[in-house]
There are 2 protein chains.
Amino acid sequence: MSRLNLTTQRKAILDLVQSCEDHPTAAEIMERLRMNGHQFAYGTVYNSLRYLTDAGLIRELKLGETASRYDGRTEDHYHIVCKKCGRVDEVLSAPPAEWIREVAAKTNYDVHHSQVVFEGVCYSCKHPNA
Amino acid sequence: MSRLNLTTQRKAILDLVQSCEDHPTAAEIMERLRMNGHQFAYGTVYNSLRYLTDAGLIRELKLGETASRYDGRTEDHYHIVCKKCGRVDEVLSAPPAEWIREVAAKTNYDVHHSQVVFEGVCYSCKHPNA
DNA sequence: AATTAAATTTATACTAAGTCTAAATACTAA
DNA sequence: TTAGTATTTAGACTTAGTATAAATTTAATT
Ligand SMILES: [Mn+2]
Ligand SMILES: [Mn+2]
Ligand SMILES: [Zn+2]
Ligand SMILES: [Zn+2]
């Protein structure tokens with residue numbers, strides 16, 4: 001609840017995550033920072049990722065792999081993972097509100113949020129030629 | 001692809017998971033086994049859970065917590081987690097096929113499977129009295 | 001500007017969940 | 001039996017992430 005404090009480290013990490021086309025893990029983020037000439041402490045990267053996530057500037061994705069991934073896209077959306085090559089793509093269509101209402105009614109929960117991870121085979125893996 | 005081999009340990013773990021009303025973690029399973037008079041090696045519990053999961057007799061749930069949970073219910077279904085008390089309840093209504101088709105079309109994936117975790121507040125947490 | 005206080009970074013120790021390994025047991029099939 | 005395979009066990013190891021305490025940076029106060 002305090003005002004945003006973007007230090008050099010946090011800004012660099014935010015910029016990097018926002019510039020990514022993919023959804024890197026903390027380890028991948030550290031590697032890319034190093035390639036860009038930065039050298040931050042291990043813990044600082046984790047602290048910054050948590051800080052930026054809490055501030056709502058990036059999102060942490062838990063896709064069922066061992067490590068969290070990070071996403072510069074903050075609007076609500078979902079993901080699909082290719083079980084052949086591991087790539088993670090965006091899913092921009094939201095689950096139908098009707099279904100959410102049904103779930104809320106049947107479970108007696110106030111439903112605040114849903115995390116959806118699709119699994120399948122991506123186009124490139126499906127068509128290895130071309 | 002070899003035939004099912006339910007050793008004493010695997011059978012005890014399968015029975016336990018199937019008898020659970022909830023979705024215990026590996027640590028909770030070990031604790032409950034111990035309470036039932038069993039004492040299996042740490043690694044055996046993990047090995048057995050993997051074996052039973054691979055055999056399709058139980059399901060491993062990755063709900064975004066630090067530890068996997070296990071589910072004796074093997075038919076396709078989803079889960080909802082109370083962010084107040086942590087309880088995990090069943091969600092038996094499936095996402096509309098129409099939505100899945102839309103996702104497949106937009107992403108160019110063959111969609112094989114989806115994992116959905118709802119988050120919200122359960123009835124008991126919403127009505128602390130009563 | 002100098003001093004103090006608060007926030008952040010750094011290095012490193014530590015934790016939690018799970019896997020791996022090699023020896024000991026148990027089971028199967030000649 | 002005996003040999004061969006599978007499983008269990010204990011414990012070392014790995015990976016991802018958190019916690020701690022000292023050092024550094026930044027901000028506020030005199
Ligand atoms: Mn995304
Ligand atoms: Mn379930
Ligand atoms: Zn692929
Ligand atoms: Zn609750």
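So you know, we letter chains A, B, ... as the sequences are listed, proteins then strands, and number each from 1. Quick caveat: nothing in here was measured; it's all calculated off a predicted structure.
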Asks: Which residue pairs satisfy the salt bridge (charged side-chain N to carboxylate O under 4.0 Å, His left out) criterion with at least one member in residues 95-110 of chain A, sequence neighbours excluded?
Replies: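 Output for this query lists A:E98-A:R101, A:E102-A:K106, A:D110-B:K126.
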Asks: Return each pair, listed once, that meets salt bridge (charged side-chain N to carboxylate O under 4.0 Å, His left out) where at least one residue sits in residues 45-63 of chain B; pairs must be two or more places apart or across chains.
Replies: B:R59-B:D76
Asks: What ring-ring contact (aromatic ring centres under 6.0 Å, His included) pairs are there with at least one residue in residues 91-119 of chain A, not counting sequence neighbours?
Replies: A:W99-B:F118, A:F118-B:W99
Asks: Which pairs count as salt bridge (charged side-chain N to carboxylate O under 4.0 Å, His left out) when at least one residue sits in residues 27-49 of chain B, sequence neighbours excluded?
Replies: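 Every salt bridge (charged side-chain N to carboxylate O under 4.0 Å, His left out) pair that includes a residue of residues 27-49 of chain B, provided the two are not neighbours, is B:D22-B:R32, B:E28-B:R69.
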Asks: Reading DNA chain C from 5' to 3', where do the contacts with chain B start and stop? Cut-off is 4.0 Å to heavy atoms.
Replies: C:dA17 to C:dT19
Asks: What is the base-pairing partner of D:dT14, counting Watson-Crick and G-U wobble geometry with both distances under 3.5 Å?
Replies: C:dA17
Asks: For residues 44-71 of chain B, pull every pair meeting ring-ring contact (aromatic ring centres under 6.0 Å, His included), keeping only residues two or more places apart or in separate chains.
Replies: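 Pairs touching residues 44-71 of chain B that pass the test: B:Y42-B:Y46.
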Asks: Treating primed atoms plus P, OP1 and OP2 as sugar-phosphate and everything else as base, which nucleotides of nucleotides 6-16 of chain D get B, S or - for protein heavy atoms under 4.0 Å?
Replies: SSSBS-----S
Asks: Sub-3.5 Å donor-acceptor pair from the side chain of A:D71 to the main-chain atoms of A:R73, do we have one?
Replies: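 Judged by distance alone, yes, a pair lies under 3.5 Å.
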Asks: The criterion is side-chain hydrogen bond (donor to acceptor under 3.5 Å, both in side chains); which residues satisfy it with A:D15, sequence neighbours excluded?
Replies: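 Once residues adjacent in sequence are excluded, the partners of A:D15 under the side-chain hydrogen bond (donor to acceptor under 3.5 Å, both in side chains) criterion are A:K11.
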Asks: Using a side-chain heavy atom cutoff under 4.5 Å and only I, L, V, M, F, W and Y, what cluster partners does A:Y123 have?
Replies: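 A:Y123 clusters with nothing; isolated.
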